[in-house]
There are 2 protein chains.
Amino acid sequence: MTEQLKTYFGNNFQTTPTEVEKLVSAFKEKSVKKNETLISKGEVCRYAYFVCKGSVRAYFIDDDGQEATRYIALENQFITTVHSFIAQTPTNEFIQATEQSELLQISYTDFKKLIEETTLAKDLYNKQLEVAYVTNHWRVESFLKMSAKQRYDFLIEVNPAIIQRLSNKIVASYLGITQESLSRLKVQK
Amino acid sequence: MTEQLKTYFGNNFQTTPTEVEKLVSAFKEKSVKKNETLISKGEVCRYAYFVCKGSVRAYFIDDDGQEATRYIALENQFITTVHSFIAQTPTNEFIQATEQSELLQISYTDFKKLIEETTLAKDLYNKQLEVAYVTNHWRVESFLKMSAKQRYDFLIEVNPAIIQRLSNKIVASYLGITQESLSRLKVQK
DNA sequence: GAAAAACATTGACAAATGATAAAAAATCAC
DNA sequence: GTGATTTTTTATCATTTGTCAATGTTTTTC
């Protein structure tokens with residue numbers, strides 16, 4: 001599993017074997033079952049996770065008790081409740097495994113220390129902030145300019161794995177519509 | 001005008017007068033008329049702007065030719081096309097003054113240099129990325145869990161200036177609805 | 001492997017929002 | 001200031017999406 005993370009760093013950053021070793025050794029393996037919750041609303045988020053296998057989502061619960069999924073991480077992606085992790089303040093989101101998953105987790109304390117010590121950790125931090133920004137930016141755009149049908153079609157196009165592997169319920173909560181509406185969109189295709 | 005930026009840095013960052021002076025002196029004053037365009041789709045974004053007076057928005061044009069407003073900056077806020085500015089790649093957005101405005105602009109070249117030289121510029125960069133992230137994050141949440149009416153009511157609550165100062169057309173494009181729908185929402189209040 | 005629970009689909013209807021058009025009001029340009 | 005342009009409001013109708021309820025299907029649990 002750590003090999004996978006090493007490869008990821010090698011492919012995505014300008015770095016050295018020493019730095020990679022140092023950073024990777026701060027990650028610990030964690031196996032989670034489907035539906036297992038990693039972080040809950042009200043907690044301070046202590047970990048960031050790298051998905052080696054499986055999938056993990058970040059969601060929150062709105063005033064009507066409905067779940068809304070903000071982000072879904074598949075293999076080779078990081079996931080955390082960004083603001084809570086960075087600022088060490090309570091989060092309003094939940095993080096949950098959507099399939100049986102193999103993860104690598106790093107603690108805030110270790111990560112903070114490594115940011116001071118290695119440029120790789122610093123670069124990772126900046127890149128992840130940027131990725132998170134771009135992801136949300138894109139989602140805002142999609143809500144501003146697309147209908148539910150268009151958002152669904154687009155998701156099939158750019159990230160079919162989400163639709164293939166996750167339940168209708170989760171996909172609907174990610175698209176911002178009800179399950180029933182999603183069921184209908186799939187038919188009227 | 002530079003006084004305003006100095007005050008802003010003093011209030012929001014741990015820094016020294018020397019650093020503030022160095023960073024602020026890289027900004028140049030720019031007066032813009034209402035509706036003046038600062039950056040257009042297809043261009044590489046060379047500047048980030050600090051709004052001293054007035055208001056500026058970032059918007060894009062969807063496939064139907066409709067404008068959709070992603071972000072509105074009022075006094076004492078920064079605005080730029082984040083990804084284009086950071087990565088120096090072409091943007092798909094426009095940046096436009098929504099009122100007669102007094103701005104301070106800094107070039108990418110100068111900013112990049114200052115990030116290496118002063119911790120204030122580095123801190124500003126990180127903080128702006130974080131603010132941008134939180135802003136978009138919040139917008140995603142609002143689309144996932146609120147109706148158009150709820151988004152409007154919420155905007156009145158947290159940022160009434162946007163509704164008071166900007167045209168219906170722009171507010172509607174910011175909420176992701178048509179002008180006509182916005183007109184109706186205001187009545188059925 | 002059977003019972004229970006969770007999830008997905010479908011139908012009927014309601015509510016929200018969009019599209020189009022026309023009139024009223026506000027703003028702009030000269 | 002006045003005519004031209006743009007913006008806002010209002011009305012009607014169409015479309016999209018939500019709600020509720022019933023049923024079928026899949027998954028989980030013991």
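Below, read A as the first sequence line, B as the second, and so on, with proteins coming before strands; counting in each chain starts at 1. Computed from a predicted model, the values in this text were never measured in an experiment.
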Derivation of the ring-ring contact (aromatic ring centres under 6.0 Å, His included) call for B:Phe60 and B:Phe94: CA-CA 6 Å; B:Phe60 58 90; B:Phe94 297 82; 9.6 Å; no

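With sequence neighbours left out, A:Arg70 forms a salt bridge (Lys or Arg N to Asp or Glu O under 4.0 Å) with A:Glu93. B:Glu117 pairs by the side-chain hydrogen bond (donor to acceptor under 3.5 Å, both in side chains) definition with B:Lys22, not counting sequence neighbours.
In this structure, the CG atom of B:Asp62 is 12 Å from the P atom of C:dG18, given to the nearest Å. The CG-P distance, from A:Leu144 to C:dG18, rounds to 12 Å in whole Å. In this structure, the OH atom of B:Tyr152 is 14 Å from the P atom of C:dT17, given to the nearest Å. The interatomic distance linking B:Leu166 (CG) with D:dT8 (P) rounds to 10 Å, in whole Å. When rounded to the nearest whole Å, the span between NZ of B:Lys145 and C1' of D:dG18 equals 19 Å. Atom CD in B:Gln150 sits about 10 Å away from atom P in C:dA16, given to the nearest Å. If you take NZ of A:Lys186 and C1' of C:dA8, they are 8 Å apart, rounded to a whole angstrom. The separation between B:Asn168 atom CG and D:dT7 atom P is 11 Å, rounded to whole Å.
With ring centers used as reference points, B:Trp138 lies under 6.0 Å from B:Phe154. Centroid-to-centroid, the aromatic rings of B:Tyr59 and B:Tyr71 stay 6.0 Å apart or farther.
Nucleic acid contact for B:Ser167: sugar-phosphate only, since backbone atoms but no base atoms lie under 4.0 Å from a heavy atom of the residue.
Helix bend of the helix from C:dG1-D:dC30 to C:dC30-D:dG1: the angle between its two end axes, each built from five pairs, comes to 70° after rounding to 10°.
Between A:Phe9 and A:Phe78, the ring planes lie parallel to each other; the angle is under 30°, not in the 30° to 60° tilted range.
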Taking N or O atoms only and anything under 3.5 Å, show me the protein contacts with nucleotides 25-30 of chain D, one pair per line.
none

Look for any protein N or O under 3.5 Å of an N or O in nucleotides 19-25 of chain C and output each such pair with its distance, or none.
none

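Distance from the side chain of B:Lys169 is smallest for D:dT8 among the nucleotides C:dT17, D:dT17, D:dT8.
Residue pairs satisfying the side chain to side chain donor-acceptor pair (under 3.5 Å) criterion with at least one member in residues 33-52 of chain B, sequence neighbours excluded, are absent.
For A:Ser183, a side-chain nitrogen or oxygen approaches OP1 or OP2 of C:dT9 to under 4.0 Å.
In this structure, B:Ile72 CD1 and B:Tyr174 OH are separated by 6.0 Å, a value rounded to the nearest 0.5 Å.
Counting heavy atoms from C-beta outward, B:Tyr125 and B:Phe111 have side chains that approach closer than 4.5 Å.
In this structure, A:Lys53 does not pair ionically with A:Glu75, as no charged nitrogen and carboxylate oxygen lie closer than 4.0 Å.
Linking ILVMFWY side-chain heavy atoms closer than 4.5 Å, directly or via other members, places B:Ile163 and B:Leu166 in a single hydrophobic cluster.
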